[in-house]
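Scroll down for the structure; my scribbles are underneath it.
Letters A, B, ... mirror the listed sequences (proteins, then strands); counts begin at 1.
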Number of protein chains: 2
Amino acid sequence: MDTLIDLAIQRLHTQGGRMTFQRRLILEALDCLGCHPTAEEVFAVVNQRDPSVNLSTIYRTLRWLEQEGLISARRFDESRRQERFDLVLPAEHHHFQCTTCKNVIEFDHPSIQVIKTQFAGVSGCQVQSASMMLYGLCPQCRQLRLAS
Amino acid sequence: MDTLIDLAIQRLHTQGGRMTFQRRLILEALDCLGCHPTAEEVFAVVNQRDPSVNLSTIYRTLRWLEQEGLISARRFDESRRQERFDLVLPAEHHHFQCTTCKNVIEFDHPSIQVIKTQFAGVSGCQVQSASMMLYGLCPQCRQLRLAS
DNA sequence: TTCCGTGCAAAATGTTTGCAAGTCG
DNA sequence: CGACTTGCAAACATTTTGCACGGAA
């Protein structure tokens, strides 16, 4: 099976890169954090295991992974400055964010493929990828709002 | 008819705000730039008419408009730092961006409503808005790529 | 005349870079 | 050995803020 770490090792080998202690920690942190951590969040986890790792190493590694197509930069909250890094491994997926608690739920929907195809047909564009965000209230926050 | 400027005036009146020279220039710049300008682009247009207007006034006004729901902040290119400001007036609309020339095409599609409704049904979330990005090659860049 | 809005400069934020020293193969 | 990586600190780009002054209502 191809975990993020396995894939990273493969890429490193084919391009003369090295699997360092720091990179391993960062990859493990990504795996453990799962969904969509910020660079700071990755840093916090890595830092706990080895406080000597520098934030710029986190950024360099995240950018490298992004360039390799293994993660992708995202911003759920458009006017937040901070990027989040989304593992692309599982498959193309989309996100709902609760406007109150900021929690994120992942989803997919067959119609997204239909939209891609039809837009391509109408516009003459070649569509390579799609990214959909829904915003609203999650069930919990909806309850709270109704109650008040 | 409700132009951006009319709406802004309404909001200002109901909250004791003032229509200043600077705000008028900024609103006119937004109208004239149309689609998705950056703060710098708005600044450039305003500056041409009155070089004494400060960039921080642009930001303050854009943030106020955002808060009023008259424009919304966006980032087409995820790892770009700069925000763009999208007029929300016309209607909910979505964007295709060419990964080569970075041009943006707006679109809408009925299935987006379907996705919103069905996701709400399955998840129990209340969906308030949606934002879809497609990425790929526009017809021109596609030609160029085929030719080479 | 009263606040609201502005210009200015300085701060803040999040990310990137240059470089010397360290390390992996 | 030699290229690839790192930590550090300084740079960077964009956006935000505090404050005293000026202007709309």
Whether the B:His36 and B:Asp86 side chains hold a donor-acceptor pair (N or O, under 3.5 Å, no angle test) is what I'd like checked.
yes
Is the shortest side-chain N/O distance from A:Asn54 to OP1 or OP2 of D:dT6 below 4.0 Å?
no
Below 4.0 Å: OP1/OP2 of D:dG7 and any side-chain N or O of A:Gln22
yes
OP1 or OP2 of D:dT16 sitting under 4.0 Å from any side-chain N/O of B:Arg60?
no
Given atom CZ of A:Arg80 and atom C1' of C:dG14, what is their separation to the nearest angstrom?
11 Å
Rounded to whole Å, CD1 of B:Ile26 lies from P of C:dT6 at a distance of 7 Å
To the nearest 10°, give me the bend of the helix from C:dT1-D:dA25 to C:dG25-D:dC1, comparing the axes of its five terminal pairs at either end.
30°
Consider the side chain of A:Arg23, meaning its heavy atoms from C-beta on, and name the nucleotide among D:dT6, C:dG7, C:dT6 that approaches it most closely.
D:dT6
Of the candidates C:dC8, C:dG14, D:dG7, the side chain of A:Gln82 sits closest to C:dG14
A:Arg84 side chain vs A:Cys35 backbone, donor-acceptor pair below 3.5 Å
no
Nearest whole angstrom, please: distance from the P of C:dT6 to the CD1 of B:Ile58.
10 Å
Search all heavy atoms of A:Ala130 against all heavy atoms of B:Met132 and return the closest pair with its distance.
CB-CE, 4.0 Å
State plainly whether the residues B:Glu92 and B:Lys116 are in salt-bridge range, i.e. N to O under 4.0 Å.
yes
Rounded to the Å, how far apart are B:Trp64 CH2 and C:dG5 P?
9 Å
A:Leu137 and A:Leu144: side chain to side chain contact (heavy atoms under 4.5 Å, CB included), yes or no, with the steps?
CA-CA 10 Å; A:Leu137 293 174; A:Leu144 290 175; over 6 Å; no
Measure the distance from CG on B:Leu12 to C1' on C:dC3 and round it to the nearest whole Å.
15 Å
Nucleotide C:dG7, atom P - distance to CG of B:Leu25 in whole Å:
10 Å
Is a side-chain donor or acceptor of A:Arg80 paired with a backbone partner of A:Arg75 at a separation under 3.5 angstrom?
no
Going 5' to 3' through nucleotides 20-25 of chain D, assign each nucleotide B (protein heavy atom under 4.0 Å from a base atom), S (under 4.0 Å only from sugar-phosphate atoms) or - (no protein heavy atom that close).
---BBS
Checking B:Phe119 against A:Ile105 for the side chain to side chain contact (heavy atoms under 4.5 Å, CB included) test, could you report, in this order, the C-alpha distance in whole Å, the side-chain angles of both residues, the deciding distance, and whether it holds?
CA-CA 11 Å; B:Phe119 174 78; A:Ile105 298 174; 4.3 Å; yes
Quick check: are there more than 12 heavy atoms from other residues, nucleotides or ligands sitting under 6.0 Å from CD of A:Gln48?
no
Under 6.0 Å from the six-membered ring centre of A:Trp64 and within 45° of its axis: does the NZ or CZ of A:Arg11 meet both?
no
Taking for B:Gly16 and for B:Ser56 the nucleotide of DNA chain C with the nearest heavy atom, the one nearer the 5' end belongs to B:Gly16
With heavy atoms under 4.0 Å as the rule, sort A:Ser52 into base, sugar-phosphate or nothing.
sugar-phosphate
Donor-acceptor contact present, side-chain A:Gln97 to main-chain A:Lys102, <3.5 Å
yes
Look at A:Arg81 and D:dT14 and indicate whether a side-chain polar atom (N or O) is within less than 4.0 Å of OP1 or OP2.
no
Whole-Å distance separating the CD atom of B:Glu40 from the P atom of D:dC12:
16 Å
Is any side-chain N or O of A:Tyr59 closer than 4.0 Å to OP1 or OP2 of C:dT15?
yes
First encountered from the 5' end of DNA chain D, between A:Gln15 and B:Phe85
A:Gln15
Whole-Å distance separating the CG atom of B:Leu62 from the C1' atom of C:dG5:
15 Å
